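Structure first, then comments.
Numbers for residues simply follow the sequence, beginning at 1. Note that the coordinates shown come from a computational prediction; the quantities given were computed from them, not determined experimentally.
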Amino acid sequence: MIIDFIADYYKNVEKYPVRSQVEPGYLQKVLPESAPNNPESMETILQDVQQHIVPGITHCGSIAGFLGEMLSSGFNIVGFNWISSPAATELENIVMDWLGQMIKLPKSFLFSGNGGGVIQGTTCEAILCTLTAARDRVLNKIGRENISKLVVYGSDQTHCALQKAAQIVGIDVKNFRGCRSWTDPIISMCHNRDDCNNCC
């Protein structure tokens, strides 16, 4: 039943506007104030999904993404490490190497070159992991007691996730520098050190 519902959605996806047409708070007006006391049939649940959830979705997903999610969810893979799912771990290594090759990373960045990486679930996770690695690399050279000397630079257009990640890894909020940015034929963050010294 759920598979048929999803198949029908993709069969008719072109009839929906790409951008949702709902207003903020629309869902609270149509759903009950508390969880139901009694179970509902799957038919009723899917009717609610069609009537209330589908109109609040941005309809720009890809069928390939859906099929990949369906396979992954269907196997219920727990990919903590190699022993918990050898296929998932090895496939991730291979695909990450493909991605690295496509963007022309040096071989030392690839799993096949004793490097490697991982696709994070969100940009925020990726920023946090990157700052953690950068912090540890520097502190291993200068000593962990010197964490107060670390400074994080970013554009004044950078998402607030960078500043939050800096705080999570223990870098003082006063040591975050948002450098002025502007547009010209080549978008630049900082043309010289003075720009960064005078950032907001």
Side-chain angles (χ1 to χ4, degrees), residues 13-14 16-28 53-66 68-69 72 79 92-111 113 115-200:
V13 72
E14 292 178 0
Y16 299 110
V18 173
R19 183 179 174 277
S20 171
Q21 305 298 302
V22 301
E23 297 293 329
Y26 88 100
L27 202 52
Q28 194 168 21
I53 302 301
V54 171
I57 295 174
T58 299
H59 303 279
C60 64
S62 73
I63 190 72
F66 157 67
E69 284 290 333
S72 179
E92 182 176 38
N93 291 358
I94 292 166
V95 173
M96 286 301 300
D97 273 6
W98 290 348
L99 177 62
Q101 292 163 4
M102 282 189 279
I103 60 175
K104 303 195 183 310
L105 287 178
K107 189 165 178 64
S108 59
F109 281 76
L110 308 180
F111 281 102
V118 64
I119 297 176
Q120 300 296 334
T122 67
T123 304
C124 295
E125 289 176 26
I127 292 170
L128 181 59
C129 288
T130 301
L131 274 182
T132 302
R135 177 204 63 193
D136 287 352
R137 184 172 187 175
V138 172
L139 292 181
N140 285 340
K141 292 179 182 176
I142 67 172
R144 300 198 83 74
E145 68 279 3
N146 290 310
I147 192 168
S148 63
K149 295 181 179 179
L150 300 185
V151 177
V152 174
Y153 291 93
S155 160
D156 60 3
Q157 304 298 307
T158 301
H159 192 275
C160 64
L162 179 61
Q163 188 169 2
K164 289 177 182 177
Q167 289 178 270
I168 290 170
V169 301
I171 297 172
D172 194 311
V173 68
K174 294 183 298 231
N175 289 359
F176 180 83
R177 306 285 190 269
C179 301
R180 286 192 310 270
S181 59
W182 59 90
T183 56
D184 56 23
I186 299 174
I187 297 176
S188 301
M189 186 173 79
C190 295
H191 282 292
N192 57 56
R193 188 178 296 273
D194 289 338
D195 289 333
C196 285
N197 289 337
N198 298 320
C199 350
C200 51

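The CG atom of Asp97 sits 10.5 Å away from atom CE of Met102, with the distance rounded to the nearest 0.5 Å. Summarising the geometry, atom CZ belonging to Phe109 is positioned 9.5 Å from atom CD1 belonging to Ile103; distances are rounded to the nearest 0.5 Å. Annotation: the span from Arg135 atom CZ to Leu128 atom CG amounts to 8.5 Å, rounded to 0.5 Å. Atom CD in Glu92 sits 6.0 Å away from atom CZ in Phe111 (nearest 0.5 Å). Of the inter-residue distances, the one linking Lys149 atom NZ with Ile142 atom CD1 reads 6.5 Å to the nearest 0.5 angstrom.
Using a 4.5 Å cut-off on side-chain heavy atoms (C-beta onward), His59 and Val54 make contact. Two residues are said to be in side-chain contact when any heavy atoms from C-beta on lie closer than 4.5 Å; Lys107 and Gln101 fail this criterion. Two residues are said to be in side-chain contact when any heavy atoms from C-beta on lie closer than 4.5 Å; Asn175 and Leu150 fail this criterion. Residues Leu27 and Ile53 meet the side-chain proximity criterion, which asks for heavy atoms closer than 4.5 Å. For the pair Leu162/Leu131, a side-chain contact is recorded, criterion being any heavy-atom separation below 4.5 Å from C-beta on.
Environment of CD in Glu145: crowded, with over 12 heavy atoms of neighbouring residues, nucleotides or ligands closer than 6.0 Å. Counting non-hydrogen atoms of other residues, nucleotides and ligands closer than 6.0 Å to OH of Tyr16 gives a total above 12. Other residues, nucleotides and ligands contribute over 12 non-hydrogen atoms within 6.0 Å of the CD atom of Gln120.
Considering every non-hydrogen atom in both Ile147 and Gly170, the closest pair reads CD1-O, 3.6 Å. Minimum interatomic distance between Leu110 and Leu105 (heavy atoms only, all atoms of both residues): CD2-CB, 4.5 Å. Of all heavy-atom pairs spanning Pro55 and Ser20, the tightest one is O-OG, 2.8 Å. Heavy-atom minimum distance, Cys179 versus Tyr153: SG-CD2, 3.9 Å.
Gln28 places no side-chain N or O within donor-acceptor distance of the main-chain N or O of Tyr26, the cut-off being under 3.5 Å. In this structure a side-chain-to-backbone donor-acceptor pair under 3.5 Å is present from Ser155 to Gln157.
A side chain to side chain contact (heavy atoms under 4.5 Å, CB included) with Ile171 is found for one member of Ile168, Val173, Val169 and no other, namely Val169.
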